[in-house]
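Please find one structure pasted underneath; my questions will follow.
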Amino acid sequence: CRPYVMQSFCGVDTVQGAIAKPVALLESGPSSGVWAAAVLGELLGLGGVISLDVGGTTAKASLLPEGRIQIRSEYHVERTATSSGYPLLIPVVDIVEIGTGGGSIAWAEGTGPGMVPKLRVGPQSAGADPGPAACRWGGTCATLTD
């Protein structure tokens with residue numbers, strides 16, 4: 001059986017093709033989730049679908065009007081509120097990062113005497129090893145999923 005690799009625009013490629021053009025795999029994981037949501041929405045007879053991918057460090061969403069996957073021809077890596085990021089002219093499923101992921105560590109800021117503590121989340125992540133404290137694999141820090 002010949003293995004194939006999912007690309008960022010829901011296409012597939014051979015392993016050799018992916019090695020030759022790895023940038024095409026940039027958002028392949030979340031794009032696969034969007035594709036699965038589109039297929040599930042069609043099977044259930046839904047019109048529009050919203051896909052939500054909550055990973056370890058980020059949560060990403062995609063809108064599928066009439067169940068159709070939207071493809072963009074420009075993608076920005078490391079885009080933030082204060083930086084335009086690095087533009088890439090490649091086809092990518094229209095996915096928006098909407099928040100922090102489940103493995104992001106929750107922590108309190110301003111816990112000194114007379115201070116009102118503020119609960120913060122991230123950008124630190126427990127990662128897969130040792131993972132969130134609730135998994136009982138050795139992680140000691142509370143995460144968003146805990």
Worksheet, complete the sentence: Between the CG atom in Asp94 and the OG atom in Ser73, the distance rounded to the nearest 0.5 Å is 10.5 Å
Practice prompt. Would you please test Leu63 and Gln70 for side-chain contact (heavy atoms from CB on, under 4.5 Å) and show each step?
Written response: CA-CA 8 Å; Leu63 299 177; Gln70 306 299 301; over 6 Å; no
Worksheet item: Given side chains that start at C-beta, do those of Lys21 and Val23 come closer than 4.5 Å, heavy atoms only?
Response: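 The answer is yes; the side chains approach within 4.5 Å.
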Item to complete: Kindly work out whether a path of hydrophobic side-chain contacts (I/L/V/M/F/W/Y, heavy atoms less than 4.5 Å apart) joins Val77 to Ile90.
Response: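 In one cluster with Val77: Ile90, yes.
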Worksheet item: What residues, two or more places apart in sequence or in another chain, satisfy side-chain hydrogen bond (donor to acceptor under 3.5 Å, both in side chains) together with Ser104?
Response: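 Testing Ser104 for side-chain hydrogen bond (donor to acceptor under 3.5 Å, both in side chains), a comparison that skips the adjacent residues, returns Thr100.
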Worksheet item: Residues two or more places apart in sequence or in another chain: which of them pass side-chain contact (heavy atoms from CB on, under 4.5 Å) with Ile71?
Response: Phe9, Ile69, Pro91, Val93
Worksheet item: When rounded to the nearest 0.5 angstrom, what distance separates CD1 in Ile105 from CZ in Arg120?
Response: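 Those atoms lie 16.0 Å apart.
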Discussion item. Applying a strict under-4.5 Å side-chain criterion to I, L, V, M, F, W and Y, I'd like to know whether Val54 and Leu40 cluster together.
Written reply: no
Practice prompt. Provide the closest heavy-atom pair for Asp13 versus Ala18 in the form atom of the first, atom of the second, distance.
Written response: OD2-N, 3.7 Å
Worksheet item: With sequence neighbours left out, which residue pairs that include part of residues 23-38 fulfil the side-chain hydrogen bond (donor to acceptor under 3.5 Å, both in side chains) condition?
Response: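 For residues 23-38, and leaving out neighbouring residues, the side-chain hydrogen bond (donor to acceptor under 3.5 Å, both in side chains) pairs sorted by first residue read Glu27-Lys60, Glu27-Tyr75.
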Worksheet item: Applying the 4.5 Å side-chain criterion to the ILVMFWY set and letting contacts propagate, would Leu89 and Val92 be lumped into a single cluster?
Response: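 No, it is not one cluster - the side chains of Leu89 and Val92 are not joined through contacts under 4.5 Å.
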Discussion item. Do Leu64 and Val96 land in one hydrophobic cluster if side-chain heavy atoms of ILVMFWY residues count as linked below 4.5 Å?
Written reply: no
Worksheet item: Do other residues, nucleotides or ligands put more than 12 heavy atoms under 6.0 Å from the CD atom of Glu42?
Response: no
Worksheet item: Can you name the nearest heavy-atom pair linking Ser83 to Glu78, along with the distance?
Response: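 That closest heavy-atom pairing would be OG-O, 4.3 Å.
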Item to complete: Please report the shortest heavy-atom distance between Glu74 and His76, naming the atom on each side.
Response: OE2-NE2, 2.7 Å
Worksheet item: Backbone N or O of Val5 within a donor-acceptor pair of the Gln7 side chain at under 3.5 Å?
Response: no
Worksheet item: Under the 3.5 angstrom rule, does the side chain of Ser8 hit a backbone N or O of Leu26 as a donor-acceptor pair?
Response: yes
Practice prompt. Mind listing the closest non-hydrogen atom pair of Ala37 and Ser51 along with its distance?
Written response: CB-CB, 3.9 Å
Discussion item. According to a hydrophobic-cluster definition based on side-chain heavy atoms being under 4.5 Å apart (Ile, Leu, Val, Met, Phe, Trp, Tyr only), do Ile50 and Val39 belong together?
Written reply: no
Worksheet entry | Residue pair Trp107 / Glu109: nearest heavy atoms and the distance that separates them |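 It is CZ3-CB, 3.6 Å.
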